[in-house]
Amino acid sequence: MADSMAPAAPEDGGTRRDFLQLVTASFAAVGVGALVWPFISSMNPARDVLALSTTEVDLSPIAVGSAITAVWRGKPIFIRHRTQKEIDEARAVPLDQLRDPQTDQSRVKKAEWLVMVGICTHLGCVPLGQKPTDPKGPFDGWFCPCHGSAYDSSGRIRQGPAPTNLAIPDYAFESDTKIRIG
């Protein structure tokens with residue numbers, strides 16, 4: 001008769017203990033997520049870094065045949081307003097003469113503007129050729145005096161130990177006289 005007084009187990013096999021275990025595991029998962037989220041969020045770039053991820057450059061003061069150096073992500077960016085002679089020279093080079101073959105057209109968005117990272121691809125030096133008094137090397141472009149790498153007027157490696165052309169950053173023309181790098 002004592003057995004008839006015991007509470008009957010639920011028909012689906014679940015018990016109060018199963019429910020409590022499920023609730024406890026859910027709270028534990030939420031707690032771990034709340035603890036881990038700040039750590040994961042700290043891996044995102046800071047606001048000052050995001051602000052430096054793009055650079056806008058006004059091209060209007062750059063005369064034809066001259067160049068400026070801008071800074072983007074701590075790297076020098078060479079921007080040259082090329083003459084028609086420089087454009088013609090760059091486009092006349094046969095691709096089989098280039099160590100890292102790229103056409104001039106694939107390296108520029110507008111023929112008269114060349115935008116590239118000003119770091120030699122050999123050992124990370126900054127090549128000469130931005131100032132009118134700098135030696136431009138035998139190909140009328142840039143020259144790295146550290147080891148003798150010479151680049152042409154499209155920034156392509158022509159002689160010396162550098163393995164690849166000067167890199168082209170992501171950039172876009174916002175207007176005829178303004179670009180955004182990055």
Side-chain angles (χ1 to χ4, degrees), residues 43-182:
M43 293 184 201
N44 289 329
R47 286 187 181 140
D48 59 338
V49 171
L50 288 174
L52 294 175
S53 67
T54 61
T55 300
E56 289 187 358
V57 180
D58 181 17
L59 303 174
S60 58
I62 308 170
V64 175
S66 63
I68 66 163
T69 303
V71 177
W72 172 65
R73 294 184 180 173
K75 299 175 188 170
I77 301 296
F78 292 170
I79 302 171
R80 184 178 280 184
H81 194 171
R82 301 189 301 174
T83 63
Q84 190 60 47
K85 177 185 175 236
E86 289 173 323
I87 296 167
D88 294 341
E89 286 175 353
R91 294 188 174 182
V93 176
L95 290 180
D96 62 356
Q97 291 183 5
L98 300 172
R99 182 177 308 155
D100 184 10
Q102 286 182 316
T103 62
D104 181 64
Q105 294 89 329
S106 69
R107 295 183 53 80
V108 296
K109 295 189 184 211
K110 291 186 178 181
E112 66 273 14
W113 294 104
L114 178 64
V115 180
M116 59 190 178
V117 178
I119 297 176
C120 180
T121 58
H122 179 232
L123 290 176
C125 308
V126 177
L128 301 175
Q130 284 294 92
K131 299 176 187 170
T133 57
D134 283 350
K136 295 186 186 289
F139 301 99
D140 197 30
W142 291 265
F143 179 70
C144 188
C146 301
H147 299 98
S149 293
Y151 300 90
D152 66 10
S153 60
S154 188
R156 299 174 295 196
I157 184 64
R158 297 295 298 276
Q159 83 180 29
T164 59
N165 302 329
L166 293 175
I168 304 296
D170 289 332
Y171 72 96
F173 280 87
E174 299 207 332
S175 70
D176 287 341
T177 60
K178 185 187 251 185
I179 62 169
R180 181 183 38 79
I181 304 168

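Ring planes of H122 and H147: perpendicular class, angle over 60° (limits at 30 and 60°).
Between F139 and R156 the shortest side-chain heavy-atom distance does not fall below 4.5 Å. In this structure, I168 and Q102 have side chains that are not in contact, with every pair of non-hydrogen atoms separated by 4.5 Å or more. A heavy-atom distance below 4.5 Å is not found between the side chains of I157 and T121. Between V126 and T69, the closest side-chain pair of non-hydrogen atoms is not below 4.5 Å. Looking at heavy atoms from C-beta onward, T55 lies out of side-chain contact with I77 at the 4.5 angstrom threshold. In this structure the side chain of T103 reaches within 4.5 angstrom of the side chain of L95, judged on heavy atoms. Residues W113 and F173 have side chains in contact (heavy-atom distance under 4.5 Å, counting atoms from C-beta outward). Side-chain contact between N165 and Y151: absent, with no pair of heavy atoms (C-beta onward) separated by less than 4.5 Å.
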Query raised in the report: Please walk me through it: do Q130 and D134 pass side-chain hydrogen bond (donor to acceptor under 3.5 Å, both in side chains)?
Result: CA-CA 7 Å; Q130 284 294 92; D134 283 350; over 6 Å; no

Query raised in the report: What do the steps show when you test E56 against I179 for side-chain contact (heavy atoms from CB on, under 4.5 Å), and what is the final call?
Result: CA-CA 6 Å; E56 289 187 358; I179 62 169; over 6 Å; no

Report task. Could you please spell out the steps behind the side-chain contact (heavy atoms from CB on, under 4.5 Å) verdict for F78 and L114? Result -> CA-CA 8 Å; F78 292 170; L114 178 64; over 6 Å; no

Query - side-chain contact (heavy atoms from CB on, under 4.5 Å) between V57 and I68, worked out - result: CA-CA 10 Å; V57 180; I68 66 163; 3.8 Å; yes

Report task. Under the side-chain contact (heavy atoms from CB on, under 4.5 Å) rule, what do D58 and T177 come out as? Steps first, then yes or no, please. Result -> CA-CA 6 Å; D58 181 17; T177 60; 4.2 Å; yes

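Across all non-hydrogen atoms, the minimal contact from P169 to V117 is CD-N, 3.9 Å. G148 approaches P161 most closely through the heavy-atom pair C-CD, 4.4 Å. Of all non-hydrogen atoms in A70 and I79, the two that sit nearest each other are CB-CD1, 4.3 Å.
To the nearest 0.5 Å, atom OG of residue S60 and atom NE2 of residue H81 are 11.0 Å apart. Rounded to the nearest 0.5 Å, atoms SG (C120) and CZ (F143) are 10.0 Å apart. Atom CZ of R158 and atom OG of S149 lie 13.5 Å apart (nearest 0.5 Å). Expressed to the nearest 0.5 Å, how far SG of C125 lies from CD1 of I119 amounts to 10.0 Å. For the atom pair M116 CE and S154 OG, the distance stands at 7.5 Å (nearest 0.5 Å).
The neighbour count for D176 CG, taken as heavy atoms of other residues, nucleotides or ligands under 6.0 Å away, does not exceed 12. Residue K110 qualifies as enclosed at atom NZ: its count of foreign heavy atoms under 6.0 Å is above 12.
A salt bridge is absent between R107 and D152; no separation between the charged side-chain nitrogens and carboxylate oxygens falls under 4.0 Å.
Remark: the backbone N or O of G160 is paired with a side-chain donor or acceptor of R99 at under 3.5 angstrom. Without hydrogens or angle criteria, K109 side chain to Y171 main chain gives a donor-acceptor distance under 3.5 Å.
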